[in-house]
Amino acid sequence: MSELGPLTLAGHAQAAAGRISGAAAELALGAVADGVLVTDASGRITYCNPLVAELTGGAASLLPGELLNERLSLWDEHGERLPPLLLEGVDVSSHELTAYLQCPGGDQDPPPPLSLSVNVVREGAAVEGFVVILRDTSAARRLSSRLSWQNTHDALTHLPNRQLFESELQQILAACEDRRRHHVLLYLDVYQFKVVNDTLGYRAGDQLLVQLAEVLAACLARGDLFARVGSDEFAILLRDCSIEEARRVVLRLREAVKAFSFQWEGSDSRVALSIGAVTVDHHASSVSQLLASANDACSAARDQGRNRVKLFSDSRKVLEKRRQTIWVAEIHAALREDRLLLHRQPVVSLAGECAVHHYEVLVRMRGLDGDVIPPGMFLPAAERYGLIEEVDRWVIRRVFQHMAAEQGGEQASYAINISGLSLGDESFVEFVLAELADAGVAPSRVQFEITETSAINNLQRALIFIHRLRAAGCSFALDDFGQGASSLAYLRQLPVDYLKIDGSFVRNMLEDEIDSAMVSTIDHLAKQMGISTIAEYVESPELMERLRQMGVDYAQGFGIAAAAEFPAVDSGF
């Protein structure tokens, strides 16, 4: 028999481990149907794949750092103790044997025998280590082991899946009755992963996740539990870890991802992480609550931009959720009792006499005490709990009714904001077209505003929505342009008529040359594509004049006019 063969799939995988990263080798070895155990030249265990523990059935504590010969006792079918598995002496060679892990013939039936293959890894004449392959001789047991592994691991990355992660987390949580035990749960989201899927294809997205899993795994200690828990989401349990230690791990993760470049068919893509963290100790209530809290923290980090980390603060988050839950009931009541209000803010032309070109529609709520409640108080809850579609439909119906009832020379045009959830609803475009026809409103008077983020997250539905309504005669504006990381990548795919330059660039452009250059660049780009520009947050005559000199087409903001209630019409609106 040669020194390294035949090794089976697991043996070949281990032989290749020297040519690939350690993390990649572990992913490969975790996928095979054999138990794979690696030692150094002295016989001290350096790696066991998940099936080793399952095949040995707990008969031996085979952990990294242990001497294999001391931890693994073998017997033959006659109950005779076999020599140590790793043979000592100068003439070290590969060999195979069949053995029991428990002495047969006792009161309890031993598990089926295992086939063990010992393979020597050499560097020249020197022994570098050993690779031991454990195989169950029972086909049924091998199939069962394989299915068990598949049920608890992700098929793409070979990491533990959400089911296994939750099970392990439950065990850790049960052990936290010992108040001295502290762990940290990390929830990771791949920032703008959807961009890779949409621009390079799903095969590229899959390969990105595989490579990223290897990069992240290399940053973790052997005892940490690393799992894929969603399409582009990972979870890490840092066992017996303080917050300060977790900060160092997070720093390693961020730096590793920052240095990672994904190559695909000539393209070079960079990704980033959003990370939420939560402590796991005797205060934790349940696994589901821990994961929800970590996910909330991850969402908060994602809202702040690339490569951000957020530690979950229980009191603040619980209070915020409680407030949003209260708003859900209030929104239902406002829809039922007709207490939503429509306001409008003019968008003026920067050419000539600054005439009103159209109005942007803004929604408010009238409280039970008669006070007007701003949208920032209740719309986040409407979006979080799926009520925003009802609000969008109420707004569209009422705006169309108002437009139909306008008399004389008014005949104003209106821009209506559409949420991402509505864009993702296949029936929403039919609703808009039906309401437009019922009201008898000229489609040329209707503009729809969609945010860059909502368009990207619902790209296919957004394109259908835009094409259907533009064909009917409506126009479209892309709101908050420049705020997202993928503005330019998606602009050519979205057939819009207006770009609303994000107000964060406009507001300070008189004092900040970079903001001024950003506004000028966006305006120039839009003009090259035949798209008109609208500047938001115009708060002074000086700013308005500067925008006019740049060539920006339209402007809106408190420096022109604040939002005001819709004027009354005779329709009873």
Side-chain angles (χ1 to χ4, degrees), residues 192-206 231-232 358 360-361 363 379 382-401 403 413-500 502 525-526 529-534:
Q192 295 286 342
F193 170 71
K194 185 174 175 61
V195 174
V196 174
N197 259 352
D198 289 346
T199 56
L200 300 180
Y202 288 104
R203 286 181 57 245
D206 286 350
S231 61
D232 58 348
H358 66 272
E360 180 180 0
V361 178
V363 65
L379 285 186
E383 292 176 349
R384 182 183 181 93
Y385 293 99
L387 296 176
I388 195 66
E389 291 182 74
E390 292 186 55
V391 175
D392 284 348
R393 290 173 184 249
W394 184 93
V395 169
I396 285 171
R397 186 176 292 115
R398 288 309 180 92
V399 171
F400 287 176
Q401 289 173 358
M403 295 174 71
S413 298
Y414 291 90
I416 303 171
N417 289 280
I418 302 299
S419 70
L421 284 178
S422 293
L423 278 178
D425 183 351
E426 296 182 8
S427 66
F428 188 69
V429 65
E430 303 297 341
F431 165 80
V432 174
L433 290 170
E435 291 293 325
L436 198 61
D438 289 347
V441 172
S444 59
R445 295 172 59 197
V446 179
Q447 179 187 128
F448 293 100
E449 289 189 12
I450 57 177
T451 66
E452 183 184 345
T453 302
S454 66
I456 291 172
N457 290 339
N458 304 275
L459 185 59
Q460 295 305 316
R461 295 305 316 168
L463 288 173
I464 293 173
F465 186 82
I466 293 172
H467 284 302
R468 291 282 303 278
L469 287 167
R470 285 190 92 219
C474 300
S475 60
F476 277 83
L478 190 60
D479 200 6
D480 299 333
F481 185 78
Q483 188 180 58
S486 54
S487 304
L488 300 180
Y490 280 91
L491 182 57
R492 298 188 65 169
Q493 299 184 52
L494 296 168
V496 297
D497 306 280
Y498 303 89
L499 282 188
K500 298 194 74 173
D502 187 69
L525 174 65
M529 301 179 70
I531 301 173
S532 299
T533 50
I534 303 171

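- In this structure, I534 and L499 have side chains that are not in contact, with every pair of non-hydrogen atoms separated by 4.5 Å or more.
- Between the OG1 atom in T533 and the NZ atom in K500 there is a gap of 12.0 Å [rounded to 0.5 Å].
- With rounding to the nearest 0.5 Å, the separation of CG in L525 from CE in M529 is 6.0 Å.
- Although no hydrogens or angles enter the test, the distance criterion places no donor-acceptor pair under 3.5 Å between the side chain of R468 and the main chain of V429.
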* Apply side-chain hydrogen bond (donor to acceptor under 3.5 Å, both in side chains) to the pair T451 and D480, showing each step before the final yes or no. => CA-CA 6 Å; T451 66; D480 299 333; 5.7 Å; no
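- The distance from atom CD of E435 to atom CD of Q401, rounded to the nearest 0.5 Å, is 7.5 Å.
- Counting heavy atoms from C-beta on, the side chains of E389 and F428 never come closer than 4.5 Å.
- Using a 4.5 Å heavy-atom cutoff, the side chains of R393 and D425 are in contact.
- Residues L436 and C474 are in side-chain contact: their nearest non-hydrogen atoms beyond the backbone lie under 4.5 Å apart.
- Between L463 and L494 there is a side-chain heavy-atom pair separated by less than 4.5 Å.
- Rounding to the nearest 0.5 Å places NE2 of H358 at 11.5 Å from OH of Y414.
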* To do: Please assess D497 against I531 for the test side chain to side chain contact (heavy atoms under 4.5 Å, CB included), listing each intermediate value before the final yes or no.
  => CA-CA 5 Å; D497 306 280; I531 301 173; 5.9 Å; no
* L469 and L433: side chain to side chain contact (heavy atoms under 4.5 Å, CB included), yes or no, with the steps? -> CA-CA 8 Å; L469 287 167; L433 290 170; 3.4 Å; yes
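- Note: N417 CG to I396 CD1 = 10.5 Å, rounded to the nearest 0.5 Å.
- For the atom pair L423 CG and F448 CZ, the distance stands at 10.5 Å (nearest 0.5 Å).
- V441 has its side chain out of reach of V399: every pair of non-hydrogen atoms, C-beta onward, lies at least 4.5 Å apart.
- You'll find the side chain of F400 reaches within 4.5 Å of the side chain of I416, heavy atoms only.
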